[in-house]
Undergrad: 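Sharing a structure here in structure tokens format.
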Amino acid sequence: MKPADPIDAGRLTLALTDLRLPAIKLIWPDFAARADKEGWPAARFLAAIVEHEMAERANRRVQRHLDEARLPPGKTLDSFDFDAVPMVSKAQVMALAAGDSWLEKGANLLMFGPPGGGKSHLAAALGLALVENGWRVLFARTTDLVQKLQAARRDLLLESAIAKLDKYHLLILDDLAYVTKDQAETSVLFELIGARYERRSMLVTANQPFGEWGRIFPDQAMTLAAVDRLVHHAIILEMNVESFRRRAAIDRKRGPGRPPTRATIKASA
């Protein structure tokens, strides 16, 4: 390959900018020099720079999806203490992290357990793994999202606001039980659940079992309908363990030199 003169290089740079191929624009001179030196066939040179562009594009896409997911920092599957939550299967969670078997079907994942049992950590960690595997995720405290949907309803934009959430394969609603038993709040939450039913997946964390959801929804019929839609295609994880935060506080109170409690703070919610 004859080295490109400065004019040709400038034109190529402009063309690659117009074609939105930033990775190729950066690496093509080095790859071209190597191809000239080693006598690469043209097809090998083209394949090398295209593969590099595709890899960089995939990395940029994952980063964009991580930015929009709003996941709490530092929550990963590697840092989750599965030994402290023995009723949760690590193998099952790792299978869920791929997403193929449930997100494609619009199935839900429900996590129940007392405060401090690791639900939020595990939910965020799963969200991170799913984004890294190519899925789009949004993590939100249920009360915050409900307030946004209420504002959209006041502006007559609720249907549009719920439709915009369809771009996310998984919507993580953290701390469902903290929604107040208010007609306006629970009605928009019910509409969200109904809109995603059998279409898009939800991951819900809650301190209260289904039998106590009457404290969330204002009437029994709405409670039963919400539970029915969430459970119909759902995987349920029971995380009934003592609060990690409480155990950590006990360890601090014991002071140095005393053996810690069995659970670590790794999986704090």
Undergrad: For Ile172 and Phe139, which heavy atoms make the closest approach, and how far apart are they?
TA: CG2-CD1, 3.5 Å

Undergrad: Does a side-chain heavy-atom distance below 4.5 Å link Leu126 with Leu109?
TA: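 A side-chain contact exists here, since the closest heavy-atom pair is under 4.5 Å.
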
Undergrad: At their closest point, which heavy atom of Asn207 faces which heavy atom of Pro115, and how far apart are they?
TA: ND2-CG, 3.7 Å

Undergrad: Donor-acceptor check, side chain of Asp155 to backbone of Leu157, threshold 3.5 angstrom: yes or no?
TA: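 Side chain of Asp155 to backbone of Leu157: no pair is present.
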
Undergrad: Side chain of Lys119, backbone of Pro114: donor and acceptor closer than 3.5 Å?
TA: yes

Undergrad: Using a 4.5 Å cut-off on heavy atoms from C-beta on, say whether the side chain of Leu173 contacts that of Thr205.
TA: no

Undergrad: So, for Ala206 and Leu176, which heavy atoms are closest and what is the spacing to 0.1 Å?
TA: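 Minimum heavy-atom separation between Ala206 and Leu176: CB-CB, 4.3 Å.
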
Undergrad: Group every Ile, Leu, Val, Met, Phe, Trp and Tyr by side-chain heavy-atom contacts under 4.5 Å, then state whether Val204 and Ile236 land in the same group.
TA: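 Val204 and Ile236: one cluster.
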
Undergrad: Are side-chain N/O atoms of Asp175 and Thr142 paired as donor and acceptor at under 3.5 Å?
TA: no

Undergrad: Would you call Glu132 and Arg61 a salt bridge, taking side-chain N to carboxylate O under 4.0 Å as the test?
TA: no

Undergrad: Holding to ring-ring contact (aromatic ring centres under 6.0 Å, His included), I want the full list of residues that pass it with Phe112, two or more places apart in sequence or in another chain.
TA: Phe210

Undergrad: How many angstroms lie between atom CG of Leu138 and atom CG of Leu170, to the nearest 0.5 angstrom?
TA: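 Rounded to the nearest 0.5 Å, the CG-CG separation comes to 9.0 Å.
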
Undergrad: Which pair of non-hydrogen atoms, one from Val62 and one from Val131, has the smallest distance, and what is that distance?
TA: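 Distance-wise, the nearest heavy atoms are O-CG1, 3.9 Å.
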
Undergrad: Could you name each residue pair satisfying side-chain hydrogen bond (donor to acceptor under 3.5 Å, both in side chains) that touches residues 13-24, not counting sequence neighbours?
TA: Thr17-Lys25

Undergrad: Within this structure, what is the OG1-CD distance for the pair Thr143 and Gln150, rounded to the nearest 0.5 Å?
TA: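 Answer for the OG1-CD pair, Thr143 versus Gln150, is 10.5 Å.
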
Undergrad: In the single-linkage hydrophobic clustering (I, L, V, M, F, W, Y; side-chain heavy atoms under 4.5 Å), do Leu189 and Leu224 co-cluster?
TA: no

Undergrad: Which class fits the ring pair Phe31 and Trp40: parallel under 30°, tilted 30 to 60°, perpendicular over 60°?
TA: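 Aromatic pair Phe31/Trp40 classed perpendicular.
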
Undergrad: Is there a continuous path of hydrophobic side-chain contacts, each under 4.5 Å between heavy atoms, that joins Leu26 to Leu14?
TA: no

Undergrad: Test side chain to side chain contact (heavy atoms under 4.5 Å, CB included) on Leu165 and Arg196; report intermediate values, then the result.
TA: CA-CA 9 Å; Leu165 295 174; Arg196 292 182 72 88; 4.0 Å; yes

Undergrad: Identify whether Leu77 and Trp135 are in the same connected component of the hydrophobic contact network (ILVMFWY, side-chain heavy atoms under 4.5 Å).
TA: yes

Undergrad: Check whether any side-chain heavy atom of Asp36 sits under 4.5 Å from a side-chain heavy atom of Phe45, and report yes or no.
TA: no

Undergrad: Are the side chains of Ile24 and Glu56 in contact, using a 4.5 Å heavy-atom criterion?
TA: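 A side-chain contact is absent here, since even the closest heavy-atom pair is not under 4.5 Å.
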
Undergrad: Can you see which heavy atom on Ala161 is nearest to which on Leu149, and at what distance?
TA: CB-CD2, 4.0 Å

Undergrad: When you measure from the side chain of Arg229 to the backbone of Gly194, do you find a donor-acceptor pair of N or O atoms at a distance under 3.5 Å?
TA: no

Undergrad: Is it the case that atom CD in Glu198 sees more than 12 heavy atoms from other parts of the structure closer than 6.0 Å?
TA: yes

Undergrad: Would you mind reporting whether Met54 and Arg57 have side-chain heavy atoms less than 4.5 Å apart?
TA: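 Of all side-chain heavy-atom pairs linking Met54 with Arg57, none is under 4.5 Å.
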
Undergrad: Consider only side-chain N and O atoms of Thr76 and His121, and report whether a donor and an acceptor are under 3.5 Å apart.
TA: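 No, His121 and Thr76 have no side-chain donor paired with an acceptor closer than 3.5 Å.
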
Undergrad: For Met202, does its backbone N or O pair with a side-chain atom of Asn108 as donor and acceptor, under 3.5 Å?
TA: yes

Undergrad: Can you give me the closest heavy-atom contact between Gly117 and Val85, atom names plus distance?
TA: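 Closest approach of Gly117 to Val85: O-CG2, 4.1 Å.
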
Undergrad: For Ala140, does its backbone N or O pair with a side-chain atom of Asp144 as donor and acceptor, under 3.5 Å?
TA: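 Not a single qualifying donor-acceptor pair exists.
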
Undergrad: Run the side-chain donor-acceptor check on residues 63-73: report pairs under 3.5 Å with partners two or more places apart or on a different chain.
TA:
from: Gln63; atom 1: NE2; to: Asp67; atom 2: OD1; distance (Å): 3.0
from: Glu68; atom 1: OE1; to: Arg136; atom 2: NH2; distance (Å): 3.0
from: Glu68; atom 1: OE2; to: Arg136; atom 2: NE; distance (Å): 2.9
from: Glu68; atom 1: OE2; to: Arg136; atom 2: NH2; distance (Å): 3.0

Undergrad: Quick one: CG on Leu192 to CG on Leu145, what's the gap to the nearest 0.5 Å?
TA: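 It comes to 6.0 Å.
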
Undergrad: Using 0.5 Å steps for rounding, measure from the NE2 atom of His169 to the CD atom of Glu104.
TA: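 Here the rounded value is 9.0 Å.
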
Undergrad: Salt bridge check: are Asp166 and Arg200 linked by an N-O gap of less than 4.0 Å?
TA: no

Undergrad: Measure the spacing between CG of Leu103 and OG of Ser201 and express it to the nearest 0.5 Å.
TA: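 OG of Ser201 is found 4.5 Å from CG of Leu103.
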
Undergrad: Is the closest side-chain donor-acceptor distance between His232 and Tyr197 under 3.5 Å?
TA: yes

Undergrad: Can Leu237 be reached from Met87 by stepping across I, L, V, M, F, W or Y side chains whose heavy atoms are under 4.5 Å apart?
TA: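 Per the 4.5 Å side-chain linkage, Met87 and Leu237 are co-clustered.
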
Undergrad: Less than 4.5 Å apart, any side-chain heavy atom of Met239 and any of Leu122?
TA: yes

Undergrad: Considering only heavy atoms from C-beta outward, does the side chain of Val137 approach that of Leu203 to under 4.5 Å?
TA: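 Not in contact.
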
Undergrad: Checking the side chain of Arg199 only, and the main-chain atoms of Ala195 only, is there a donor and an acceptor separated by less than 3.5 Å?
TA: yes

Undergrad: Backbone N or O of Ile49 within a donor-acceptor pair of the Trp28 side chain at under 3.5 Å?
TA: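 A pair under 3.5 Å: no.
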
